[in-house]
J.: 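Following this message is one structure expressed as structure tokens.
Given the structure is predicted, the values throughout are model-derived calculations rather than measurements. Atoms considered below: every heavy atom in the structure, side chains included; atoms not considered: hydrogens, waters and symmetry mates. Protein chains get the first letters and strands the later ones, always in sequence-line order, with residue 1 at the start of each.
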Protein chains: 2
Amino acid sequence: MKENSSIFCQNKNQPTERFLEVCLLLLLHEKDDYGYGLSQELPFFGFSDNELNVSTMYRILRRIEKIDLVESTWEESGLGPRRRVYRITEKGKEELSKWIVILKNRKLNIQKLIDRFERPDHYNHLEE
Amino acid sequence: MKENSSIFCQNKNQPTERFLEVCLLLLLHEKDDYGYGLSQELPFFGFSDNELNVSTMYRILRRIEKIDLVESTWEESGLGPRRRVYRITEKGKEELSKWIVILKNRKLNIQKLIDRFERPDHYNHLEE
DNA sequence: GTTCACTATATACAACATGAAACTAGTGAT
DNA sequence: ATCACTAGTTTCATGTTGTATATAGTGAAC
């Protein structure tokens with residue numbers, strides 16, 4: 001069982017903050033970047049100051065590097081500490097594509113729940 | 001900081017399977033039900049056979065009872081083992097309403113990500 | 001010249017959530 | 001007797017989180 005688990009990327013959990021992982025992959029799909037720079041793009045996806053935990057973000061970056069979704073090198077900035085600049089790999093791009101499919105589904109399921117909450121009449125015929 | 005954390009229900013994480021919690025609250029908002037019965041309604045929200053872990057579901061039911069979002073009583077079914085029948089509380093209804101707001105936001109953020117993946121041109125002007 | 005704010009990354013810790021598996025147990029059909 | 005279905009619980013290893021803490025470079029204000 002669970003052989004149709006393509007819906008689960010890597011057969012792992014899908015905690016919400018996996019969404020952060022996908023956001024990072026998307027941003028790195030657009031262009032190479034480093035942690036601090038990425039953190040400034042994240043409010044676009046709803047991770048505003050209060051909601052972004054930078055520890056979590058840096059941890060995710062290290063984790064997805066370990067599983068070869070991204071690669072990194074150190075670069076001198078001249079205007080502050082060194083930056084670890086990340087680059088998405090082919091494997092990372094494939095992972096991103098799979099996540100897009102999952103997220104489309106997730107969005108639909110959320111919509112279903114909202115509809116059912118706001119228009120209960122459409123589902124009442126199930127009552128006995 | 002984090003005082004505007006009404007966006008985080010009970011200040012806790014929002015792992016994806018919290019979505020399962022909200023589905024259960026919604027179903028119990030519609031009518032009283034027991035675990036096994038609820039499990040048969042869950043495919044509607046995307047929790048098909050392969051994707052629903054019944055341990056998780058039963059665990060969530062016990063957890064949300066502990067924090068008074070639902071109450072339960074044992075009932076004889078006559079056609080099998082006893083059933084623990086759950087009923088949503090006022091607190092549970094309030095929690096459900098808060099979650100609906102969160103999920104509407106989550107849906108929007110997912111949509112933003114999908115759009116940005118599929119129509120990168122609209123975001124390219126950011127490049128240097 | 002030192003304090004402050006900003007830039008930049010990393011790690012340790014306790015708390016919590018998960019999937020998988022095993023377990024108990026009642027009913028009814030083969 | 002065995003099987004399939006109904007019904008719920010607990011244990012275990014693994015994984016993820018937020019918080020706090022640490023380090024360190026730059027440049028401006030005082």
J.: Given that Pro81(B) and Arg62(A) both sit by DNA chain C, which one's nearest nucleotide is further toward the 5' end?
T.: Arg62(A)
J.: Do Arg116(A) and Phe44(B) form a cation-pi contact, if we require the NZ or CZ to be under 6.0 Å from the six-membered ring centre and within 45 degrees of the ring's axis?
T.: yes
J.: Salt bridge between Arg87(B) and Glu65(B), side-chain N to carboxylate O under 4.0 Å?
T.: no
J.: Over how many whole Å does the gap from Leu79(B) atom CG to dG26(C) atom P extend?
T.: 15 Å
J.: Take the protein atom CD of Glu21(A) and the nucleotide atom P of dT16(D), then report the distance between them rounded to whole Å.
T.: 8 Å
J.: So, is Tyr58(A) near the phosphate of dT11(C), with a side-chain N or O under 4.0 Å from OP1 or OP2?
T.: no
J.: When you measure from the side-chain N and O atoms of Arg82(B) to the phosphate of dG8(D), is any distance below 4.0 Å, counting only OP1 and OP2?
T.: no
J.: Any side-chain N or O of Ser55(B) less than 4.0 Å from the OP1 or OP2 oxygen of dG19(C)?
T.: no
J.: Does Arg83(B) make a side-chain N or O approach to OP1 or OP2 of dG8(D) shorter than 4.0 Å?
T.: no
J.: Measure from CG on Leu52(B) to P on dT18(C) and round the result to the nearest Å.
T.: 12 Å
J.: OP1, OP2 of dA8(C) versus side-chain N and O of Tyr34(A): anything below 4.0 Å?
T.: yes
J.: Between Thr89(A) and Glu71(A), is the side chain to side chain donor-acceptor pair (under 3.5 Å) condition met? List the steps.
T.: CA-CA 7 Å; Thr89(A) 62; Glu71(A) 297 167 338; over 6 Å; no
J.: Roughly, in whole Å, what's the span from CZ in Arg18(B) to P in dA17(C)?
T.: 6 Å
J.: What is the distance from CD of Glu65(B) to P of dG8(D), rounded to the nearest Å?
T.: 12 Å
J.: Could you state the atom-to-atom distance from CD1 of Ile60(A) to P of dT9(C) in whole Å?
T.: 15 Å
J.: Rounded to the nearest Å, what distance is computed from the CD1 atom of residue Ile67(B) to the C1' atom of nucleotide dA17(C)?
T.: 13 Å
J.: If I take atom CZ in residue Arg63(B) and atom P in nucleotide dT18(C), what distance separates them, rounded to the nearest angstrom?
T.: 7 Å
J.: Any cation-pi pair here, Lys112(B) with Phe45(A), using under 6.0 Å and within 45°?
T.: no
J.: Quick check on DNA chain D: between Val85(B) and Arg59(B), whose nearest nucleotide comes earlier from the 5' end?
T.: Val85(B)
J.: Under 4.0 Å between a side-chain N or O of Arg84(A) and OP1 or OP2 of dA10(C)?
T.: yes
J.: If we only count heavy atoms from C-beta on, is the Leu28(B) to Leu69(B) side-chain gap below 4.5 Å?
T.: no
